[in-house]
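Below: the structure, in structure tokens.
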There are 2 protein chains.
Amino acid sequence: MATIKDVAKKAGVSVATVSRAMNDKGYVHENTRKLIDEAIRELNYKPNEVARSLYNKKSRLIGLILPDIRNPFFPELARGVEDKMQEHGFRLIIGNADEQLDKELDYIETFKQNNVIGLISASTNAVLTHYEKLSFPLVLLDRTSDHHPSVQADGYEGGRLAAKELVSRGSTRITLLKGPVELQTAQERFKGAVDELFNANVHFDVMTTASFAFHNAEYWAKELFEKYPDTDGVIASNDVVAAAVLHEAHRLGKKIPEQLQIIGFDDIPFSQFLYPPLSTIRQPAYEMGREAAKLLIRQINGETLEAKRIQLPVQFIERQTTRKEERND
Amino acid sequence: MATIKDVAKKAGVSVATVSRAMNDKGYVHENTRKLIDEAIRELNYKPNEVARSLYNKKSRLIGLILPDIRNPFFPELARGVEDKMQEHGFRLIIGNADEQLDKELDYIETFKQNNVIGLISASTNAVLTHYEKLSFPLVLLDRTSDHHPSVQADGYEGGRLAAKELVSRGSTRITLLKGPVELQTAQERFKGAVDELFNANVHFDVMTTASFAFHNAEYWAKELFEKYPDTDGVIASNDVVAAAVLHEAHRLGKKIPEQLQIIGFDDIPFSQFLYPPLSTIRQPAYEMGREAAKLLIRQINGETLEAKRIQLPVQFIERQTTRKEERND
DNA sequence: TCTGTATGTGTAATCGGTTACATAAAAGAG
DNA sequence: CTCTTTTATGTAACCGATTACACATACAGA
């Protein structure tokens, strides 16, 4: 690997001049610049980011903490972040916290130790204190905070919408799956749905699904139909759980959507391939990722955003686990 | 952030001694060690990885290149790699190449510039020349090479198995979906299936699916049934494509598995939730990730493995897109 | 007691960049 | 033709670790 010294020697100048030429700082004579550019090209010189980072105390790396890379919602978020960051020359270190606090802390430590220039966290842990004294900017993704900029979808409206659509399509004994207690967004969805169901004066039961992971989803689904065999409408906490519910409903021979309507949350790519294709509340995951990246970049560029909160709209995606709306023409 | 100097000052020794104490190199007096440990604890000192990496010319970071983080097969691989690496104190930089060569090259450059200590690549690009002159060890994942250690599933056997199961369950007009030409593993599966079908003397057609991504899968599915409306057995190139085929089959009102059998490849978590649950050839993705990590770690520890190749077995997962086998009792 | 080895620690060079500061030449002002 | 300002470049310190080397002391064997 060629170093800046090699370039300097080849171009017949000092390393300082090479550095200035590369970073467009200070004065460099036109002719000198040409010599340097040529030397760089010939040696195929690429500056050592580590050395740079040591002096500057910041790298070009961005930390991204995801709670569970296996839930397709998060890769989608990650793509949004990645694409936007790419445009600005930043790279991602993705840390998969696996919904465990110690793993999350491990990654934060790694990020610090590697001089990341900023951090985006979609962690699901309730405890946020470890984010208080960071030396680099932070954006929270898929969750809110009073102390940090954040990006999330309008969970409350999403819950409301899910309930409204289910009611207007004729479900009368609804089961509401409540996501993990520590997960803000899940709680907001829940609140939205509850409010709407109260308003509409529809009977509903509540069951808590304490995780979003695949291997648990099946279990929740079974429990759901044991506890509430007569339910005719399920508002799932996310699409993974909805898929499990749908699967279990088939197993029990229920007709969907005639006997049972199901509505999910997220709209992951797979939902369209379920049978029947899953009606769901869409979160614009990719966009959320991009917005989070934008917020972080603004902070990196020196703006202080305090607790700026960006909330993106959700949308009902009508597929076929819900019935056609009864028109009152 | 406390530095090694602060620790040295607090413990009343030189930085060299602190460094020796931390890395267990050279002699350090028992009492001195205690002083240092205490200073470290009190200052909550964590060594700066960047400085370390600059001197050592290697960090604790591992590069991982994935072709498409949205295809659930790859997060599963990534988890395997991550978990194993975690056990050894290494961290991952995940690069999503998006099936584009230039993005892949970008990431390789980033990895070099950040002194990664090793690289695992599950890239789909046929061109491997850019892996020739790396200064750190490499493991290829989900693909083979004559020049580098690699880990993959037994694609040939997988293809054979898929064909065999479909035939023995009564399909007579099989359509074989052939994955992207540049993708070795896809080609091996294809070859395995072709050989088996020839052997069994069963009629089959071939259609090429030039990508594995979600947004294309639907298109391939439609094309499939336009070209071969009478097919009664589909061997899909992976589970994502299989899901799309299943979806399209439903749309066309085909009875599954009575009229049409479908068999996928990968066994991603979602496959069990499809309707009917998808029969598929399982690749042990998580294990593959772990094995790749192991191979890399062995190289990092100084073993030279040349082109060691690890091939993991695949397995037919019988669910309900295939019929019960006709017993010849 | 003398010598050789094992133990313990500090000084300073090093990794590959960036930049403060010094210096010199060129350009512009009067 | 001076004097000031702008342009151009080099020297050396610095970022925070690691380690070669020098040196000092302790301990062992003869």
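Note on naming: letters A, B, ... go to the chains in the order of the sequence lines (proteins, then strands), and numbering restarts at 1 for each one. Computed from a predicted structure; not experimentally measured. Values below: all heavy atoms of this structure, side chains included; hydrogens, waters and symmetry mates excluded.
- Note that the CZ atom of F74(B) and the CD1 atom of I268(B) stand 11.0 Å from one another [nearest 0.5 Å].
- The pair R70(B)-D98(B) does not meet the salt-bridge criterion, since no charged nitrogen lies less than 4.0 angstrom from a carboxylate oxygen.
- If you take NZ of K57(B) and P of dC15(C), they are 6 Å apart, rounded to a whole angstrom.
- For the segment residues 23-46 of chain A, the set of residues with a heavy atom within less than 4.0 Å of an atom of DNA chain D comprises Y27(A), V28(A), H29(A), T32(A), in numerical order.
- Of the two residues contacting DNA chain C, namely R20(A) and M1(A), the nearest-nucleotide position lying further toward the 5' end is that of M1(A).
- Taking atom OH of Y55(A) as the reference point, atom P of dC15(C) lies 19 Å away to the nearest angstrom.
- Between K5(A) atom NZ and dA13(C) atom C1' the separation is 11 Å, expressed in whole Å.
- Both T17(B) and A51(B) lie near DNA chain C, and the one whose nearest nucleotide falls closer to the 5' end is T17(B).
- Contacts classified as salt bridge (Lys or Arg N to Asp or Glu O under 4.0 Å) and involving residues 50-68 of chain A (residues at least two apart or in different chains) are given here: E49(A)-R52(A), E49(A)-R60(A).
- Ring geometry for F111(B) versus Y107(B): interplanar angle of 30 to 60°, hence tilted.
- For K9(B) and dG10(C), the NZ to C1' distance is 16 Å, given to the nearest whole Å.
- Distance K112(A) NZ to dG16(D) P: 16 Å, rounded to the nearest Å.
- For T3(A), no side-chain nitrogen or oxygen approaches OP1 or OP2 of dG16(C) to under 4.0 Å.
- Protein atom CG of N56(B) is 12 Å distant from nucleotide atom P of dG16(C), rounded to whole Å.
- If you check every strand for non-hydrogen atoms under 4.0 Å, V50(A) touches nothing.
- Put simply, the side chain of Q299(B) does not reach to within 4.5 Å of the side chain of E303(B), judged on heavy atoms.
- Ion pair R79(A)/E82(A) flagged as a salt bridge, since at least one NZ, NE, NH1 or NH2 atom sits closer than 4.0 Å to an Asp/Glu carboxylate oxygen.
- Spacing between atom CZ of R52(B) and atom P of dA17(D) amounts to 8 Å, rounded to whole angstrom units.
- Here dT18(D) presents its P atom at 12 Å from CG of L54(B), a figure rounded to the nearest Å.
- Nucleic acid contact for S19(B): base, since at least one base atom lies under 4.0 Å from a heavy atom of the residue.
- Using a 4.5 Å heavy-atom cutoff, the side chains of E109(B) and L105(B) are not in contact.
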